[in-house]
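Here is the structure we will look at, set down as structure tokens.
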Amino acid sequence: MPELPEVEVYKQYFDGTSLGHKIVDIDIDDPKLVKQVDGVFRNALVSNSFTKSERIGKFFFAHLSSGKIVVFHFGLTGNFYYFNESEDIPRFTRVLFHFDNGFKLAFVNMRKFGWVDLIEDVEIYRQKRGLGPDAQKISYEDFYEKFRKRKSLIKPKLLDQKLMAGIGNWIADEILYQSQLHPESNIENLSDEEIRLIYDKMQHILEVAVREDANYELFPDYFFIHIRKNAEARCFHTGGPIEKIEVGGRGTYFSPQYQIKK
DNA sequence: TTATATGTTCGATA
DNA sequence: TTATCGAACATATA
């Protein structure tokens, strides 16, 4: 379940379990998920330990004692799981790190859209990929500058990781619902006030989601996620129906009576 | 059986 | 050249 808040929770979990233990072995279930040629990944990790981590959007970076950095991306599914001999290896474990304290860290990834890589420098990597600033850290000025001049529908731009990193499908729908804007609104038709509103709602949603450990059940009642995929559910504000359409190739849910197309 | 899923990438097109 | 769009990727679940 990995968008910015979920990956932030994974980071906290990783930091609380997997830092400072020597890696004694690694199991790779499917080499296609490791973006390195044979052995390179393994050799770079074994007898190192993780020293610290950072996150940009949905990308998670774990620094090794050697100075190299492991990049994790969860794709559409997945999480970390830390365990010892008393438990079985989780289903869909793709990479398994064995630590010298007897515990293991599983990189679990059911749909195999996730991957791991090995890099030298986070900032160089970020620039090379064209990854934008983290959505929770981007300033309003930067956000405005990046979005204002665009010519496309608003939803696909919110999902564009090159403009800003971390927003995924449910958060994009959540932002537009709370902003009362139709997901197919054209950016050119939005006022400066509406751009500001989108930014403020985005910050609010991210702040709540991270604070509640990405546990949707704890989100306030007015959050769209509670009704997003429920055909019988009604809009919290209007009591009207929730509709599903496709925007930019992604399933998109919205409340047509509440969200206005600009 | 078919459609769908919380994502990114790559090639085609404008 | 740059921006945008759509298909492809792998696999479990309803």
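A, B, ... follow the sequence lines: proteins, then strands. Residue 1 opens every chain. All of these numbers come straight from a predicted model, not from anything done at the bench.
- The closest donor-acceptor contact from the side chain of A:Gln178 to the backbone of A:Ile175 lies at 3.5 Å or more, if one exists at all.
- Between A:Ile154 and A:His182, every side-chain heavy-atom pair lies at or beyond the 4.5 Å cut-off.
- Residue contacts shown for A:Arg150 are limited to sugar-phosphate atoms, with no base heavy atom under 4.0 Å away.
- Taking atom P on both nucleotides, C:dA7 is separated from B:dA3 by 14 Å, rounded to a whole Å.
- Remark: C1' of B:dG7 and CZ of A:Phe59 are 9 Å apart, rounded to the nearest angstrom.
- Consecutive Watson-Crick or G-U pairing (both distances under 3.5 Å) extending over three or more pairs maps onto DNA chain B as B:2-5 with C:11-14, B:7-14 with C:2-9.
- Reading DNA chain C from its 5' end, the first and the last nucleotide to sit under 4.0 Å from a heavy atom of chain A are C:dT4 to C:dT13.
- Clustering ILVMFWY residues whenever any of their side-chain heavy atoms sit less than 4.5 angstrom apart, transitively, puts A:Leu159 in a cluster other than the one holding A:Phe254.
- When all heavy atoms are compared, the tightest approach of A:Arg234 to A:Gly239 is CD-O, 2.9 Å.
- If you take atom P in C:dA10 and the same atom in B:dG11, they sit 16 Å apart, rounded to whole Å.
- Atom pair A:Phe74:CZ and B:dT6:C1' shows a separation of 13 Å (rounding to whole Å applied).
- Toward the 5′ end of DNA chain C lies the nearest nucleotide of A:Lys151, the other residue of the pair A:Lys151 and A:Arg94 mapping further downstream.
- Ring geometry for A:Phe59 versus A:Tyr125: interplanar angle over 60°, hence perpendicular rather than tilted (30 to 60°).
- The phosphate of B:dG7 (OP1 or OP2) has no side-chain N or O of A:His73 nearer than 4.0 angstrom.
- Straight-line distance from the NZ atom of A:Lys229 to the P atom of B:dT6: 4 Å, rounded to whole Å.
- At a threshold of 4.0 Å, the pair A:Lys11-A:Glu8 does not count as salt-bridged, since none of the basic side-chain nitrogens sits closer than that to a carboxylate oxygen.
- Residue contacts for A:Arg91: at a heavy-atom cut-off of 4.0 Å it reaches the sugar-phosphate backbone alone, with no base atom in range.
- A close approach under 4.0 Å does not occur between any side-chain nitrogen or oxygen of A:Tyr253 and OP1 or OP2 of B:dT6.
- Taking the six-membered ring where tryptophan is involved, the planes of A:Tyr140 and A:Tyr144 are tilted, since the angle between them lies from 30° to 60°.
- Checking each of A:Phe41, A:Phe61, A:Phe80 against A:Phe72 for a ring-ring contact (aromatic ring centres under 6.0 Å, His included) leaves exactly one that passes, namely A:Phe80.
- Phosphate proximity of B:dG7 to A:Gln161: absent, as no side-chain N or O sits under 4.0 Å from OP1 or OP2.
- Using a 4.0 Å heavy-atom cutoff across all strands shown, A:Lys157 reaches sugar-phosphate atoms only and no base atom.
- None of A:Phe224, A:Phe223, A:Tyr222, A:Tyr258 except one satisfies the ring-ring contact (aromatic ring centres under 6.0 Å, His included) rule with A:His237; the exception is A:Tyr258.
- Not one side-chain nitrogen or oxygen of A:Lys58 sits closer than 4.0 Å to the OP1 or OP2 atom of B:dT6.
- Atoms NZ (A:Lys162) and P (B:dT8) sit 10 Å apart, rounded to a whole Å.
- When heavy atoms are screened at a 4.0 angstrom cut-off, A:Gly249 is found touching no nucleic acid atom at all.
- Here the P atom of nucleotide B:dT8 and the NZ atom of A:Lys112 are 20 Å apart, to the nearest Å.
- For the ring-ring contact (aromatic ring centres under 6.0 Å, His included) test with A:Phe107, the passing option among A:Tyr10, A:Phe74, A:Phe97, A:Trp115 is A:Phe74; the others fail.
- Residue-nucleotide stacking is present for A:Phe113 and B:dG7, judged by a side-chain ring centre under 5.5 Å from the six-membered base ring centre and planes under 30° apart.
- As a whole-Å value, the separation of A:Arg111 CZ from B:dA5 C1' is 5 Å.
- The side chain of A:Arg250 contributes no N or O atom lying less than 4.0 Å from OP1 or OP2 of B:dT4.
- For the pair A:Phe60 CZ and B:dT6 P, the computed distance is 23 Å after rounding to whole Å.
- Taking atom CD1 on A:Ile205 and atom P on B:dT6, their separation rounds to 16 Å, with Å as the unit.
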Query raised in the report: What's the verdict on side chain to side chain contact (heavy atoms under 4.5 Å, CB included) for A:Leu153 and A:Ser185, showing C-alpha distance, side-chain angles and the deciding distance?
Result: CA-CA 6 Å; A:Leu153 304 182; A:Ser185 293; over 6 Å; no
